[in-house]
2 protein chains.
Amino acid sequence: MDVKTLCLGVLATEDRSGYEIKKTLEERFRHFFRAGYGSIYPALKELERSGLVVCEAVEQQRRPAKKVYRITDAGRRTLEEVLVAEDPRHVVRSEFLVLMYFAHLLPAERVTQVIDAMTAEFDRILNADLEALEQVYDTLTPGQRFALGYGRTMLTAALGYLHRQRGGFLRELQPTEAVDPELRNGGLAAAGD
Amino acid sequence: MDVKTLCLGVLATEDRSGYEIKKTLEERFRHFFRAGYGSIYPALKELERSGLVVCEAVEQQRRPAKKVYRITDAGRRTLEEVLVAEDPRHVVRSEFLVLMYFAHLLPAERVTQVIDAMTAEFDRILNADLEALEQVYDTLTPGQRFALGYGRTMLTAALGYLHRQRGGFLRELQPTEAVDPELRNGGLAAAGD
DNA sequence: GGGTGGTATATCGAGCCGATACATCGGAGC
DNA sequence: GCTCCGATGTATCGGCTCGATATACCACCC
């Protein structure tokens, strides 16, 4: 499954331009799939070449013209074939966890800073992006509610884990944190290593 | 953060060949980062070219020779610089959720089949891959335990969600599933739609 | 003898990502 | 009026990654 399939899926509901497809992805797929213009425009070109979509230039007032794409019958057939035939993957690529894996090579403050940044990002996605989707919950299909609920469940679990672990990391990495600075160069052999 | 950084990180602990790096990634990073030979070998070549690792050919008995890489001081410095400077991303790319998002375009049995396949895969990762890591828990750094625990938490939450949702999907998509086949053409108006 | 599978290096094409370029317009600020 | 910023809109380029494939050697088993 590639960006071509994704575009077909979005166009299955409503005609759209490349720019509007990107907007739709950002609103609705943000927490589980991303695609930039560098993927979308070539995908639409290829879909048009193979007859799965047709394109119509639409002039607009006070705005640049846009090229609106519409899915064809062949496109709908191909979309369903792909979704039925390919077994879908679920891939996590987390530089965040890589960094945590190598945390022992880094200053402690960097590690807590990264945990806090990740917490803030997850929190924003959960409480802004997904919350906006809840507003249109009534208009969603069961499958779309499933995808939304999955995102909510994962983000909630992740935030809980980050919250529980952060304290432990602070104690483990900065045992002298709460100690008077004057004491830091004495007493603790482990502090120098 | 790219595969070069990942290789540097693995080599920071122990000298390894490209093949061994891949094995290490499969054992320890499987649930949050993947890289194939098509990424690893060019990465090692580039790291050697820029002096961040050195390479030594090692002959072996009854096996093909291997090229073992060792990180240099410059490599260690670069690794830390990269991990400190870049803000790490956490990306989910789920064809599974895309398929669920478009579930209304598909036969019901395909949807439940995909949910079951995903459940089986998550279950395997949690109970085989991560369980194997628990065996060496004592040898892990705090950061490595963090990454392991994160994976366990996410997989457990995902499995719970899939379990809770699957029943609802079955009822929604196949309301006559448990009904005597003889009754399917009578009685239930909703069944024909 | 032949098939399978593990060890090992390497490359190729296709696809994707992020940055960038270019163009038009509305509105904010001075 | 002038300038800058941001939204709308299309498009491409270099670099990186992915998955498949090729090659080779050996152990093991039937």
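Bear in mind the structure is a predicted one, so any value in this text is a computation, not a measurement. Labels below follow one simple rule: chain letters A, B, ... track the order of the sequence lines, proteins then strands, and each chain is numbered from 1.
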* Asked: Between B/K45 and B/E48, is a salt bridge (Lys or Arg N to Asp or Glu O under 4.0 Å) present by the stated rule, with each step listed?
  -> CA-CA 5 Å; B/K45 193 182 286 186; B/E48 188 184 14; over 6 Å; no

* **Distance-minimising heavy-atom pair for A/R76 and A/A12** => NH1-O, 3.1 Å

* For A/L6 and C/dG15, what is the distance between atoms CG and P respectively, to the nearest whole Å? -> 15 Å

* To do: Five pairs at each end of the helix from C/dG1-D/dC30 to C/dC30-D/dG1: take the axis at both ends and give me the angle between them to 10°.
  => 20°

* Nucleotide C/dT7, atom P - distance to CZ of B/R16 in whole Å -> 14 Å

* Structure fact -> Here the distance between atom C1' of D/dA11 and atom OH of A/Y69, to the nearest Å, is 10 Å

* To do: For D/dT10, take OP1 and OP2 only and decide whether either is under 4.0 Å from a side-chain N or O of A/Y19.
  => no

* Can you name the one residue among B/D116, B/T119, B/D123 that meets side-chain contact (heavy atoms from CB on, under 4.5 Å) with B/L162? -> B/T119

* **Whole-Å distance separating the CD atom of A/E56 from the P atom of D/dG9** => 15 Å

* Contact list for residues 1-12 of chain B, test side chain to side chain donor-acceptor pair (under 3.5 Å), sequence neighbours left out -> B/D2-B/K4, B/D2-B/T5

* Structure fact -> One should read off an interatomic distance between B/L8 CG and B/L47 CG, to the nearest 0.5 angstrom, of 4.5 Å

* To do: Measure from the ring center of B/F122 to the ring center of A/H90 and say whether it is less than 6.0 Å.
  => yes

* For the residue pair B/R166 and B/T112, confirm or rule out a side-chain donor-acceptor distance under 3.5 Å. => no

* Structure fact -> To the nearest angstrom, the CG-P distance between B/L44 and C/dT9 comes to 9 Å

* **Reading 5' to 3' through nucleotides 12-19 of chain D, protein heavy-atom contacts under 4.0 Å coded B for base, S for sugar-phosphate only, - for none** => B----SBB

* **B/I21 CD1 - C/dA10 C1' separation (whole Å)** => 15 Å

* Under a 4.5 Å cut-off applied to non-hydrogen side-chain atoms, are A/R16 and A/V68 in contact? -> no

* To do: For the residue pair A/F146 and B/F96, categorise the inter-ring angle as parallel (less than 30°), tilted (30 to 60°) or perpendicular (more than 60°).
  => perpendicular

* Just to confirm, is there a sub-4.0 Å distance from OP1 or OP2 of C/dA10 to any side-chain nitrogen or oxygen of B/K67? -> yes

* To do: Mind checking B/K22 for me? I need base, sugar-phosphate or nothing, with any heavy atom below 4.0 Å counting as a touch.
  => nothing

* Asked: When the distance from NZ of B/K66 to C1' of C/dA8 is rounded to whole Å, what number comes out?
  -> 10 Å

* To do: Using atom CD of A/E26 as one end and atom C1' of C/dG18 as the other, report the distance to the nearest whole Å.
  => 14 Å

